[in-house]
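Numbers for residues simply follow the sequence, beginning at 1.
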Amino acid sequence: MRYKWLWCLLVVVMIAICLYIFLPITDNHRTPSSIPNENRLKKMILDTGELNIDTVLKQIALEGKHVFIPHLSSDKQYGYSLSLER
């Protein structure tokens with residue numbers, strides 16, 4: 001009977017260790033970060049050097065940490081950018 005309880009305890013400890021290793025325990029994995037403001041988004045897009053952004057139309061958070069950003073360029077053409085939340 002004593003060995004039965006010892007084996008049960010060993011199994012429970014092993015399961016707990018596996019859960020601790022394979023499941024995200026910290027809050028970093030559970031809570032998303034905030035979406036950058038319009039000025040920060042403009043700066044991020046301008047840093048690519050591709051075009052000059054006049055207006056950011058909307059920020060749409062997609063699955064995970066991705067953000068879809070439709071915008072209007074200074075020459076009045078529509079475009080979009082994809083970004084990662086930080």
Side-chain angles (χ1 to χ4, degrees):
M1 187 72 153
R2 179 175 174 223
Y3 292 112
K4 184 177 179 182
W5 284 105
L6 186 62
W7 280 107
C8 289
L9 180 63
L10 182 64
V11 168
V12 168
V13 169
M14 290 178 66
I15 289 172
I17 290 172
C18 289
L19 289 176
Y20 182 76
I21 291 172
F22 294 112
L23 291 179
I25 302 297
T26 62
D27 286 337
N28 292 342
H29 298 287
R30 286 190 248 169
T31 57
S33 61
S34 63
I35 297 174
N37 62 14
E38 185 173 340
N39 291 332
R40 175 77 175 128
L41 287 172
K42 283 182 183 180
K43 183 178 181 324
M44 288 168 57
I45 295 170
L46 287 173
D47 287 344
T48 64
E50 294 181 14
L51 49 103
N52 196 5
I53 301 299
D54 187 38
T55 306
V56 173
L57 301 174
K58 197 173 187 180
Q59 301 173 28
I60 303 168
L62 303 175
E63 64 184 43
K65 294 185 173 193
H66 295 90
V67 180
F68 176 76
I69 309 157
H71 53 74
L72 188 61
S73 66
S74 58
D75 58 347
K76 304 300 178 201
Q77 291 188 358
Y78 291 96
Y80 68 90
S81 295
L82 298 172
S83 177
L84 262 156
E85 294 178 9
R86 293 178 189 233

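- Between Ile17 and Tyr20 there is no side-chain heavy-atom pair separated by less than 4.5 Å.
- Every residue was checked against the side chain to side chain contact (heavy atoms under 4.5 Å, CB included) condition with Val12, not counting sequence neighbours, and none meets it.
- The two residues Leu57 and Leu72 come nearest to each other via the heavy atoms CG-N, 4.4 Å.
- For Phe68, the side chain to side chain contact (heavy atoms under 4.5 Å, CB included) partners are Ile60, Leu62, Pro70, Tyr80, Leu82, not counting sequence neighbours.
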